[in-house]
Amino acid sequence: MPCLVNAMMARSYLGKDIREEAMAVLSARYVVGLTMLGNRLQDNEWLAGREFTVTYVMVTFALTTLRYFYLYSVAEYLNILRYLRRIGKR
């Protein structure tokens with residue numbers, strides 16, 4: 001999820017005068033990204049097909065480990081939480 005990485009980098013590297021405006025835009029983008037992901041998972045067990053691929057590893061990193069570096073919550077995205085449980089069992 002590039003929007004999360006962009007928001008994390010903007011928070012770290014932009015000057016204070018630019019940071020607040022950029023963070024507002026980027027925060028809106030990652031909400032859209034999480035919403036799209038949640039919608040995709042609403043009717044699909046996995047993101048792409050039935051086989052385990054590197055896609056799942058990359059998305060899982062963004063939804064779990066990345067939160068240690070850029071604080072955000074997926075608590076309101078029930079389909080994403082179900083997806084993370086499925087990945088955890090795998």
Taking every heavy atom of E45 against every heavy atom of R86, the minimum-distance pair comes out as O-NH2, 2.6 Å

Using the rule that two of Ile, Leu, Val, Met, Phe, Trp, Tyr join whenever any of their side-chain heavy atoms come within less than 4.5 Å, decide whether Y77 and L47 are in one cluster.
yes

Looking at L63 and L34, what are the two nearest heavy atoms and their distance?
CD2-CD2, 3.8 Å

dist E76:CD -> T35:OG1 (nearest 0.5 Å) comes out at 7.0 Å

Which heavy atom of V59 sits nearest a heavy atom of L37, and at what distance?
CG1-CD2, 4.2 Å

Of all heavy-atom pairs between S73 and A75, which one has the smallest distance, and what is that distance?
OG-N, 3.0 Å

Which value, rounded to the nearest 0.5 Å, describes the distance between L81 atom CG and L41 atom CG?
10.5 Å

Before you tell me yes or no, could you show the steps for T55 and M58 under side chain to side chain contact (heavy atoms under 4.5 Å, CB included), namely the whole-Å CA-CA distance, both residues' side-chain angles and the distance that decides it to 0.1 Å?
CA-CA 5 Å; T55 303; M58 294 173 68; 6.0 Å; no

Quick one: pull up CZ in R85 and CD1 in I87 and give me the separation to the nearest 0.5 Å.
13.0 Å

CG of N79 to CZ of R82, rounded to nearest 0.5 Å, is 5.0 Å

Answer yes or no on whether R40 is positioned over the face of W46, meaning its NZ or CZ is under 6.0 Å from the six-membered ring centre and within 45° of the axis.
no

According to the interplanar angle, ranging from 0 to 90°, do the rings of Y56 and Y83 count as parallel (below 30°), tilted (30 to 60°) or perpendicular (above 60°)?
tilted

